[in-house]
Number of protein chains: 2
Amino acid sequence: MKDPKDHLAQTLKQVRKDKKLSLDRAADLTGVSKAMLGQIERGESSPTVSTLWKIATGFEVSLSSFIEPTTSQNLKKTVARTADEIRQHPAEGGLMIAPLFPYESQLGFEYLELVFQAGYDRESAAHAPGVIEIVTVLNGVLEICCEGIWHKLEEGQSLRFAGDKPHAYRNATGEDAKVITVIHYPNGR
Amino acid sequence: MKDPKDHLAQTLKQVRKDKKLSLDRAADLTGVSKAMLGQIERGESSPTVSTLWKIATGFEVSLSSFIEPTTSQNLKKTVARTADEIRQHPAEGGLMIAPLFPYESQLGFEYLELVFQAGYDRESAAHAPGVIEIVTVLNGVLEICCEGIWHKLEEGQSLRFAGDKPHAYRNATGEDAKVITVIHYPNGR
DNA sequence: CCAGAATGTACGTTATAACGCACGATTTTG
DNA sequence: CAAAATCGTGCGTTATAACGTACATTCTGG
């Protein structure tokens with residue numbers, strides 16, 4: 001990725017246009033001079049983080065939206081997926097994975113369907129720092145161990161936990177357990 | 001929220017420590033002088049966005065992680081939720097909502113279970129620009145209309161679509177339809 | 001039509017980011 | 001143990017962010 005200055009220029013100009021503000025009005029709102037706002041929009045200057053914060057705060061927009069690419073057209077497309085058609089069986093037995101919506105940097109998470117077959121019992125290594133996981137049980141019973149504590153989840157129950165620590169999954173029943181899981185990576189993956 | 005300079009200082013120092021890098025080594029990696037890295041870490045200077053980009057790129061960390069609050073301790077706690085216990089019935093009939101994990105700014109999304117009762121048929125106003133929705137049908141059959149096209153989702157099927165346009169939900173069957181939905185807001189909510 | 005207001009840009013001035021280098025303290029090496 | 005290397009900080013210099021102001025152009029209302 002190249003210097004974010006150009007993306008910032010476009011985004012600032014677009015936000016101001018969306019809000020139908022002149023540079024004068026925008027300067028009043030943000031506390032940043034209209035001359036500087038104009039320079040940023042024309043890509044002639046790269047503001048400090050503090051100045052960008054003043055702009056984002058004045059416009060009531062998140063800082064991130066000024067520096068990360070906007071939602072790509074790909075994400076705006078409607079995509080339908082059927083878990084039964086894309087389920088995969090990795091080398092490691094007992095677990096099947098349907099990557100319904102793989103990781104997208106603009107969303108910050110991946111969305112999977114997992115099937116833990118009867119008898120599954122395995123640890124998962126800690127993910128990168130800050131990773132958060134959410135699991136909802138659709139069918140069956142699944143136990144998840146995090147921070148030394150086992151949580152038994154039945155159909156309709158959900159768990160959110162820190163995925164940046166070692167954790168474990170166990171299906172001690174005689175039937176498969178099917179879950180939906182969202183894994184959020186704050187620093188990308 | 002206050003000036004992000006202090007958060008940036010802490011984060012930069014922590015990232016460098018995690019990677020076991022001296023200021024010298026970090027300067028080599030990022031192309032930013034060690035004197036400047038030191039000033040940023042001590043909160044004595046607010047870098048330009050271009051300089052911050054060089055730092056993030058050199059460290060192979062996302063820009064956002066330097067300017068948004070780190071995952072709060074609240075998010076790291078293990079939380080179990082049962083949809084049956086928290087399901088709500090809003091004024092508007094035919095739809096029940098279990099807010100399993102409400103919106104968190106650090107995740108950027110909310111995670112809900114929805115039950116569309118038999119006969120439900122209603123439009124949903126467009127969300128803010130950039131919003132992306134994901135829906136997975138757990139039980140029953142649900143139809144979702146986006147961009148003028150109806151998509152029929154049966155059990156095990158999922159849909160991702162742009163939530164910043166008018167869309168509609170319909171359950172034309174004689175039974176309830178239960179879904180999990182993730183709604184991602186790029187600019188917060 | 002005309003005067004005043006609004007708009008965005010250019011320019012000179014001021015403040016501060018960003019740098020290279022020196023230095024004292026600490027750690028490493030032979 | 002002494003010398004060399006490394007470390008983080010402070011300082012002066014340079015480059016540029018950020019500002020206030022002037023100006024040409026366009027718009028608006030009487």
Side-chain angles (χ1 to χ4, degrees), chain A residues 1-70, chain B residues 1-70:
Chain A
M1 187 176 78
K2 54 200 208 76
D3 193 318
K5 197 173 55 177
D6 296 333
H7 167 67
L8 174 53
Q10 292 170 33
T11 306
L12 178 53
K13 192 180 296 188
Q14 188 63 49
V15 169
R16 190 167 64 82
K17 183 177 168 184
D18 288 345
K19 291 173 181 287
K20 300 180 176 12
L21 297 170
S22 64
L23 283 173
D24 252 330
R25 297 280 314 289
D28 289 340
L29 255 191
T30 60
V32 175
S33 72
K34 76 170 175 176
M36 186 58 190
L37 290 172
Q39 280 183 273
I40 297 168
E41 286 188 3
R42 296 190 300 278
E44 292 170 5
S45 181
S46 173
T48 62
V49 171
S50 295
T51 297
L52 185 59
W53 173 78
K54 285 166 76 174
I55 294 172
T57 306
F59 282 158
E60 295 181 351
V61 172
S62 77
L63 265 180
S64 299
S65 60
F66 277 116
I67 61 176
E68 300 286 356
T70 52
Chain B
M1 185 173 77
K2 53 199 211 76
D3 192 317
K5 197 172 55 175
D6 296 333
H7 167 67
L8 173 54
Q10 291 169 32
T11 306
L12 178 54
K13 192 180 296 190
Q14 187 63 48
V15 169
R16 190 167 64 82
K17 183 178 169 185
D18 289 345
K19 291 174 181 287
K20 300 182 179 6
L21 296 170
S22 64
L23 282 172
D24 253 327
R25 297 280 312 290
D28 288 341
L29 256 190
T30 61
V32 175
S33 71
K34 76 171 174 173
M36 186 58 190
L37 291 173
Q39 279 184 274
I40 297 169
E41 287 188 2
R42 297 191 298 279
E44 292 170 5
S45 183
S46 173
T48 63
V49 172
S50 294
T51 297
L52 186 58
W53 173 78
K54 286 166 76 176
I55 294 171
T57 305
F59 281 159
E60 297 182 350
V61 172
S62 76
L63 264 180
S64 299
S65 59
F66 277 117
I67 60 175
E68 299 286 356
T70 53

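Small disclaimer: the values here were computed from a predicted structure and weren't measured.
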Under the side chain to side chain contact (heavy atoms under 4.5 Å, CB included) rule, collect the residues that match up with A/L8, sequence neighbours excluded.
A/I40, A/P47, A/L52, A/F66, B/V49
Using whole Å, what does the distance between atom P of nucleotide D/dG12 and atom CE of B/M36 come to?
19 Å
Correct closest heavy-atom pair for B/S45 and B/M36 would be OG-CE, 3.2 Å
Counting only N and O atoms by type, is there a donor-acceptor contact under 3.5 Å from the side chain of B/S50 to the main-chain atoms of A/S46?
no
First and last nt of DNA chain C near chain A, cut-off under 4.0 Å to heavy atoms, 5' to 3', are C/dT7 to C/dA17
For B/K19, what residues pass the side chain to side chain contact (heavy atoms under 4.5 Å, CB included) criterion, not counting sequence neighbours?
B/V15, B/L21, B/F59, B/V61
Results of side chain to side chain donor-acceptor pair (under 3.5 Å) for A/T30 - residues two or more places apart only:
none
A/K34: partners by salt bridge (charged side-chain N to carboxylate O under 4.0 Å, His left out), with sequence neighbours left out
A/D24
Minimum heavy-atom distance A/P4-B/L63, with the two atoms named:
CG-CD1, 4.2 Å
Closest heavy-atom pair, B/A9 versus B/G43, reported as atoms and distance to 0.1 Å, is CB-N, 4.0 Å
Just the rounded figure in Å: distance from P of D/dA18 to NZ of A/K54.
9 Å
What residues, two or more places apart in sequence or in another chain, satisfy salt bridge (charged side-chain N to carboxylate O under 4.0 Å, His left out) together with A/R42?
A/E44
Within residues 15-32 of chain A, find the residues that approach DNA chain D with a heavy atom at under 4.0 Å, and present them sorted by residue number.
A/G31, A/V32
Sorted by chain and residue number, the side chain to side chain contact (heavy atoms under 4.5 Å, CB included) partners of A/Q10 (sequence neighbours excluded) come out as none
Report yes if some heavy atom in the side chain of A/R16 is under 4.5 Å from a heavy atom in the side chain of A/L37; otherwise report no.
no
For DNA chain D, find the residues of residues 40-50 of chain A with a heavy-atom distance under 4.0 Å and give them by number; none if there aren't any.
A/E44, A/S45, A/S46, A/P47, A/T48
Quantified as the angle between the terminal helix axes (five pairs each), what is the overall bend of the helix from C/dC1-D/dG30 to C/dG30-D/dC1 to 10 degrees?
30°
When every non-hydrogen atom of B/H7 is compared with those of B/I67, the smallest separation belongs to CD2-C, 3.7 Å
Identify, with sequence neighbours excluded, every residue that meets side chain to side chain contact (heavy atoms under 4.5 Å, CB included) alongside A/D28.
none
How does protein reach along nucleotides 20-29 of chain D, written 5' to 3' as B (base within reach of a heavy atom under 4.0 Å), S (only sugar-phosphate), or - (no contact)?
B---------
